[in-house]
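Single-structure report; data block below.
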Amino acid sequence: MNKPAKQQQGQNNKKKPRTAITPTREEDFAEWYQQVVKSADFAENSPTRGCMIIKPYGWAIWEKCQEIFDKWLKDYGVENASFPLLIPMSFFSREAEHVEGFAKECAVVTHHRLESDGKGGLQPAEDAKLEEPYVVRPTSETIIGDAMSRWIQSYRDLPMQLNQWAQVLRWEMRTRLFLRTAEFFWHEGHNAFEDHKGADDDCLHVMGLYEKFFTEHLAFDGFVGVKTPEETFPGANRTYAFEAMMQDGKALQAATTHDLGTTFAKTFNITYQGRDEKEHLCHTTSWAFSTRTIGGLIMMHADDDGMIMPPRIAPQQIIILPIVKEDTAEAVQAFCAKLTKDLKAKGFRVKFDNRDMRTPDKMWDAVKKGVPIRVEIGAREMEEGQLTYVRRDIGRESKTTLAVEEFVDKAEGILDDIHDTMLARTRKFRDENTHDVTSIDEIEAFFKAEKIGFLRAPVAILEDDKLEAVMKEYSLSTRNMPNADKGEKVLIAKAY
RNA sequence: CGGAGUGUAGCGCAGCCUGGUAGCGCACUCGCCUGGGGGGCGAGGGGUCGGAGGUUCAAGUCCUCUCACUCCGACCA
């Protein structure tokens, strides 16, 4: 990775078609990623340091994620609520381990009024200094824990299952659109149970939902497992994580569930009177996935022509391009409009791109945005009652012409097939780039040779003193101990 | 907080060494030809050169100060 961009256009291979994104993944993965985000019109940097502006097409993806997952949570019994953005600092400082994990990246609100600085600007008013500063939430365990302590009295109040869709702020040193931003959007579930089993079942159940969501809607798979102690959430007993492999072989933690044990119950006094009439500590959990997942979608699926959207969360599943010539324009447009209506009536998310632009530009726009199916209709097709479509996941070789009614009938199947193809592709990549190793020498040799992917080693390797040096040398981290290996193996990789 | 850079049109950059009318590509606007994988010709609009001060007849260019951002390190969903 990170090789300088090569100019190979000129001499030898003129045949190689120009890619929509430069540089290519091979040339410079990090820069390629930024360009995909820009070209797809997902988001851009904002005047606010570390915070991004998520543009309508990018936000539509997040809305889709919310729509689907929110329903699943409700089916599971979770209720949505909303807790304050600002958390009293004293709440935060109460849980020592939690503080240690987050203190370094917290923004703090210290004043409640601005005044003129006498130089045409503004400054916080000295006499408006807050007695107790507020922390902009980096996560909400503390303030929700405090609420739960008041809401839970009896075992009859349990389990208590709460969730909020919100944004949080973590003052990151280096940021990258979607992957690491100071402000990010997520959902955070906070649940309380009578005992450890309730909490652990909850963690596993929700992780199951994440896994289902990622595979069935986002078309990518990963490794579900338990985090090593060093990587466990501050204050948690155990963290389960879904680790996905990006196209550059690096890991992305796409979702986590935390068994918080009684840590927060102790600190915030979350107790209940049990059937035995005695007071007990609750076992709490928290879990989340964030807008970071959109970054994962990109690094998982996009190619050198830009984004490829998994059909089930694609804001636009089908885009219809009219191929207009002056004399037939009106008729073709009407024909397209009717098809758009018919497809919408069947529940597809369709866009009729009737903008006043040149056709090739519209095509590339659809390609870069990753619209799963592009339909083209010109006077030729119209006369025959046909249309031509191209699958984004395959490209121009998939160009097919068929009768309009037939397409309307088959569209769902095509979208499903695109989904299956994309999922299979990412699974194949993941499997081909996950290797079993047994020694630290093998780990070192692998990364020294600049190979990419995950290494799966016996957990005993964590005890070896020499591991740390190698991990540091190659910027490696332990990802998780996969459930599929019964916790006997640990995954080691570079990560985002 | 260490180390290295960059601020000139919406975006990407040249111009600075050697001071002398503000440039290029893309994007944008208008017209015509085009239109099934980024097309052509022509005509336009758009700038407090990051900010402040200084040297000079003259500063984007030289000097001083300042602000902002980016990259590389340590930390992280």
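Throughout, protein chains are lettered first and strands after them, A, B, ... in sequence-line order, and every chain is numbered starting at 1. Hydrogens, waters and symmetry mates play no part in the numbers below; they use all other heavy atoms, side chains included.
The listed nucleotides are B:G37, B:G36, B:A77; the one nearest the side chain of A:R292 is B:A77. Out of B:G37, B:A77, B:G35, the shortest distance to the side chain of A:F184 is found at B:A77. Listed nucleotides B:G38, B:G37, B:C75 differ in distance to A:V390; the shortest reach to its side chain belongs to B:G37. When distances run from any side-chain atom of A:I323 to the nucleotides B:G38, B:G36, B:A77, the shortest one goes to B:G36.
Residue A:K227 is out of contact with every strand shown, counting any heavy-atom pair closer than 4.0 Å. Across all strands shown, A:A288 has no heavy atoms under 4.0 Å from either base or sugar-phosphate atoms. No engagement by A:L252 is indicated, since no non-hydrogen atom pair under 4.0 Å with the nucleic acid exists. The residue A:F102 sits apart from the nucleic acid: no heavy atom pair falls under 4.0 Å. Residue A:T388 is classed as a base contact, given a heavy-atom separation below 4.0 Å to a base. Nucleic acid contact class of A:T181 (heavy atoms, under 4.0 Å, all strands): base. Across all strands shown, A:T256 has no heavy atoms under 4.0 Å from either base or sugar-phosphate atoms.
Between A:R170 and B:C75 there is no side-chain polar atom (N or O) within less than 4.0 angstrom of OP1 or OP2.
Checking side-chain atoms of A:R392 against main-chain N and O of A:M307 turns up a donor-acceptor pair under 3.5 Å.
Taking atom C1' on both nucleotides, B:C57 is separated from B:C71 by 42 Å, rounded to a whole Å. For B:G2 and B:U66, the P atoms lie 15 Å apart once the distance is rounded to whole Å. Straight-line distance between the P atoms of B:G51 and B:A68: roughly 15 Å, to the nearest whole Å. Comparing the P positions of B:G7 and B:A14 gives a spacing of 7 Å, expressed to the nearest Å. Distance check on atom C1': B:G36 versus B:C11 gives 30 Å, rounded to whole Å. Between B:A59 and B:G40, the distance separating the two C1' atoms is 42 Å to the nearest Å. Nucleotides B:U21 and B:C63 have their C1' atoms positioned 25 Å apart, rounded to a whole Å. Between B:C62 and B:G15, the two C1' atoms lie 15 Å apart (nearest whole Å).
Rounded to whole angstrom, the span from the CD atom of A:E326 across to the P atom of B:G36 amounts to 15 Å. Atom CD in A:E231 sits roughly 8 Å away from atom P in B:C76 (whole-Å rounding). Rounding to whole angstrom units, CG of residue A:L169 and C1' of B:A77 are separated by 13 Å. Look at CD1 on A:I294: it is 14 Å from C1' on B:A77, rounded to the nearest Å. Put simply, CH2 on A:W364 is 14 Å from C1' on B:G36, counting in whole angstrom units. In this structure, the CG atom of A:D361 is 8 Å from the P atom of B:C28, given to the nearest Å. The distance between atom NE2 of A:H258 and atom P of B:A77, rounded to the nearest whole Å, is 8 Å. Following rounding to the nearest Å, A:M471 (CE) and B:A74 (P) show an atom-to-atom distance of 14 Å.
Results of the side-chain contact (heavy atoms from CB on, under 4.5 Å) test with A:C336 over A:D353, A:V375, A:N354, A:I377 single out A:I377 as the only residue that passes.
Judged by Watson-Crick or G-U wobble contacts below 3.5 Å, the nucleotide B:G60 has no partner. Checking B:C65 for Watson-Crick or G-U wobble geometry (two distances, each under 3.5 Å) identifies B:G51 as its partner. Pair check for B:G23 finds B:C13; Watson-Crick or G-U wobble, both atom distances under 3.5 Å. Partner assigned to B:C28 is B:G44, using Watson-Crick or G-U wobble distances below 3.5 angstrom.
Both A:R174 and A:I21 lie near RNA chain B, and the one whose nearest nucleotide falls closer to the 5' end is A:I21. Map A:R374 and A:E172 each onto its nearest nucleotide of RNA chain B; the residue landing nearer the 5' end is A:R374.
A cation-pi arrangement, defined by a distance under 6.0 Å to the six-membered ring centre and an angle within 45 degrees of its axis, is present between A:R430 and A:F223. By the 6.0 Å and 45° rule, A:R94 stacks over the aromatic ring of A:F91. The side-chain tip of A:K104 does not point at the ring of A:W171 from less than 6.0 angstrom away and within 45° of straight on. In this structure, A:K369 satisfies the cation-pi test against A:Y57, with its NZ or CZ atom closer than 6.0 Å to the six-membered ring centre and inside 45 degrees of the ring normal.
Of all heavy-atom pairs spanning A:N480 and A:G225, the tightest one is ND2-N, 3.2 Å.
Aromatic ring pairs are classed by plane angle as parallel below 30°, tilted from 30° to 60° and perpendicular above 60°; the pair A:W287 and A:H187 is tilted.
Put simply, the side chain of A:E381 and the base of B:G36 share a donor and an acceptor less than 3.5 Å apart. At a cut-off of 3.5 angstrom, the base of B:G38 holds no donor-acceptor pair with the side chain of A:R358.
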